[in-house]
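Contents: one structure, followed by commentary.
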Amino acid sequence: SGVSDVFNTGGVDNSFASLISSSLDLGATGESGAISITAGSLDLNDGGQIVSSTSGQGNAGSIIVKVNDDVSLSNSSFITSTVNTGAIGDGGNIDIKANSLTLSEGSQIQAGVFGTVDNIPGGEGNAGNVNLDIDDNFIASGFNSEGFSSGVFTIISPGAIGDGGDLDVSADSILLTDSALFNAESLGEGNAGQLTVKANSLSLDNNANINASTTFGQGGIINLQIAEDIILKNNSTISARAFEEANGGNLDIDARFIVAFPNEIEGNGSDIIANAEQGNGGKITISAESLLGIEERDATPNNQINDIDVRSESGLDGTISIFTPDVNPIQRETELPNNIVEPQQTTAQACAASRQTTAQNSLVIKGKGGVPLTPQSPLNSHNISINSEYTTPTSTIPQPLETSQGKIQPARGIKVTEDGGIVLTAYRTNNAGDRLAEGSLNCS
């Protein structure tokens, strides 16, 4: 905790932070040692630091923190592994395992390579990786009096040569707010590292950012694997942007919902972008049940709306692929009834109803009547076309029916008399009542 001020006789202000440090000094050759901390909890505040660095020719050591409960950095406190200006070597990795992690008031976790200062050439080497394994909540918020935001960084500074390290964050829930950020960035000569976030929920609010931008080569890669929802509010951005001649990066998002709220403050809106200046735009791939409040369109300055954009100012535009299911995400599974109806109950009711109906009304159809044959049915002797003339087999007058009243001849025709009477005939008749000749025998 704390920073002490010591004045020499010349009145020069020399500030010394409370720190745990392992460093390779300027002009030295070798490697700085690792720092390993195991504790119940860890607090760095008011400028407290844990530092592994190289200013000579050699690599910086790694930093390993294993804490059962909470890690808290507040008021400009740092955990850093750096390749300093003028050094040649790689930065060390930073690995933190804890139950929860809180960064506030400009506090940072950083692995980087520093650039040119006062004609001293920038560092040459690759930045270390940062791995954060948090069981519960990770919260980063705010900035300090000098304008430095709280967050986690792997960075290649302007004038430095090397590739940025990978940034890997895993937690149950992640909240970035009040300008806090995850940043895997290269502003020197080298590629940005890959930024991976795994969580159940991810929220960005009030100018918060997840960024993997570059000015050199290919843009960074952002991979967000969120089991539940991604929430974007108030000018928050997820960006794999490229500057100068670099190409835009790749941005892969897998979540249940992506929800972007209308802005409550002045600004650009909350955007998901992989833009480029002189190079080509990047690639954005989103898999989600639904996107709410954000859509594909140009992310123009101060438009106050939420956009997904892969445009390039002078190169080729990138591609956007959004995969959503065909089902309605609001409609949940249909609950099936627990009480199973026995088939006997249904059929018993139907049969009872049928008996009651039959007692009152009935409709009986026997034979095909006037129903024509279907195209699939075989031909029979009752429907034969010979030389385009329709014939029917010869039919004889049916035999009379024996009844208690004597023999009754079935009627086969009908005719109307001049006085309007109806006469049933034993022979067939046409519509005018004239007798029809019997057809010829068929060939069978």
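- Judged purely by atom type and a 3.5 angstrom limit, Asn275 uses its side chain to pair as donor or acceptor with the backbone of Arg311.
- Once rounded to the nearest 0.5 Å, the distance linking CG of Asn129 with CG of Asp168 reads 9.0 Å.
- Using a 4.5 Å cut-off on side-chain heavy atoms (C-beta onward), Ile320 and Ile286 make no contact.
- When atom types are taken as modelled, the side chain of Asp271 and the backbone of Asp307 share a donor-acceptor pair closer than 3.5 angstrom.
- Of the options Ser62, Ser52, Ser81, a side-chain contact (heavy atoms from CB on, under 4.5 Å) to Ile94 is made by Ser81 and by none of the others.
- Tested against Ile174, the residues Leu204, Asn137, Leu224, Val169 include a single side-chain contact (heavy atoms from CB on, under 4.5 Å) partner, Val169.
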Derivation and outcome, side chain to side chain donor-acceptor pair (under 3.5 Å), residues Asp298 and Thr300 = CA-CA 6 Å; Asp298 295 348; Thr300 56; over 6 Å; no
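- A 4.5 Å side-chain heavy-atom check between Val113 and Asn84 finds every atom pair outside the cut-off.
- Here the shortest heavy-atom pairing between Ser201 and Ile226 reads CA-CG2, 3.9 Å.
- When all heavy atoms are compared, the tightest approach of Leu181 to Phe153 is CD2-CZ, 3.7 Å.
- Residue Asn250 holds its CG atom at 5.5 Å from CD1 of Ile221, rounded to the nearest 0.5 Å.
- Ser213 and Glu185 share a side-chain donor-acceptor pair at under 3.5 Å.
- Residue Ala160 comes nearest to Ile156 through the heavy atom pair CB-CG2, 3.8 Å, listed as atom of the first residue, atom of the second, then distance.
- Using modelled atom types, one side-chain atom of Ser107 and one backbone atom of Ser77 make a donor-acceptor pair closer than 3.5 Å.
- Side-chain atoms of Gln108 come within 3.5 Å of backbone atoms of Ser149 as a donor-acceptor pair (strictly under, hydrogens ignored).
- Here Glu289 does not pair with Arg256 in a salt bridge; the nearest charged N to carboxylate O distance is not below 4.0 Å.
- Defined by atom type and a distance below 3.5 Å, a donor-acceptor pair is missing between the side-chain atoms of Asn234 and Asn206.
- At distances below 3.5 Å, at least one donor-acceptor pair connects side-chain atoms of Ser312 with backbone N or O atoms of Gly279.
- Counting only distance, with no hydrogens or angles, the side chain of Ser236 and the backbone of Asp205 share a donor-acceptor pair below 3.5 Å.
- At a cut-off of 3.5 Å, with distance as the only test, a side-chain donor of Asn131 or Asp95 sits close to an acceptor on the other residue.
- The shortest heavy-atom contact between Asn268 and Asn235 is N-OD1, 3.2 Å.
- A donor-acceptor contact under 3.5 angstrom links the side chains of Asp172 and Asn200, judged on distance only.
- Side chains of Val67 and Asn99 form no contact here, defined as non-hydrogen atoms less than 4.5 Å apart.
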Check against side chain to side chain donor-acceptor pair (under 3.5 Å), Ser72 and Asp70 | CA-CA 6 Å; Ser72 176; Asp70 305 329; over 6 Å; no
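- Of the residues Asn209, Asn211, Thr154, the one that meets the side chain to side chain donor-acceptor pair (under 3.5 Å) test with Asn183 is Asn211.
- Taken from CZ in Phe243 to CD in Glu277, the straight-line distance is 6.0 Å, to the nearest 0.5 Å.
- Residue Glu295 holds its CD atom at 12.0 Å from CG of Asp309, rounded to the nearest 0.5 Å.
- Salt-bridge formation is detected for the pair Lys97/Asp133: a Lys NZ or Arg NE/NH1/NH2 atom is positioned less than 4.0 Å from an Asp or Glu carboxylate oxygen.
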Test side-chain contact (heavy atoms from CB on, under 4.5 Å) applied to Val71 and Thr102, step by step | CA-CA 6 Å; Val71 174; Thr102 303; over 6 Å; no
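- In this structure a side-chain-to-backbone donor-acceptor pair under 3.5 Å is missing from Thr237 to Ser239.
- The side-chain heavy atoms of Thr319 and Ile284, taken from C-beta on, include no pair separated by under 4.5 Å.
- With a 4.5 Å cut-off on side-chain heavy atoms, Ile79 and Ile96 count as touching.
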What's the verdict on salt bridge (charged side-chain N to carboxylate O under 4.0 Å, His left out) for Lys283 and Asp252, showing C-alpha distance, side-chain angles and the deciding distance?
-> CA-CA 8 Å; Lys283 179 181 179 181; Asp252 293 318; over 6 Å; no
Under the side chain to side chain donor-acceptor pair (under 3.5 Å) rule, what do Asn144 and Ser76 come out as? Steps first, then yes or no, please.
-> CA-CA 6 Å; Asn144 61 18; Ser76 303; 3.1 Å; yes
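- Side-chain contact between Gln110 and Thr82 is present, with at least one heavy-atom pair separated by less than 4.5 Å.
- Taking the six-membered ring wherever Trp is involved, the centroid distance between the rings of Phe138 and Phe182 falls below 6.0 Å.
- Residues Asn75 and Asp46 have side chains that bring a donor and an acceptor to within less than 3.5 angstrom of each other.
- A distance-only check finds no donor-acceptor pair linking the side chain of Thr214 to the backbone of Gly220 [under 3.5 Å].
- One finds the CD atom of Gln278 at 8.5 Å from the CD atom of Glu313 (value rounded to the nearest 0.5 Å).
- The shortest heavy-atom contact between Ile294 and Ser270 is CD1-O, 3.8 Å.
- Remark: Ser186 OG to Asn191 CG distance equals 6.5 Å, nearest 0.5 Å.
- No side-chain heavy atom of Ile63 sits less than 4.5 Å from a side-chain heavy atom of Asn93.
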Would you check, one step at a time, whether the test side chain to side chain donor-acceptor pair (under 3.5 Å) holds for Asn45 with Ser74?
-> CA-CA 5 Å; Asn45 55 72; Ser74 62; 5.0 Å; no
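- Contact between Ala276 and Gly248 at its shortest, heavy atoms only, is CB-N, 4.1 Å.
- Side-chain contact between Ser150 and Ser141: absent, with no pair of heavy atoms (C-beta onward) separated by less than 4.5 Å.
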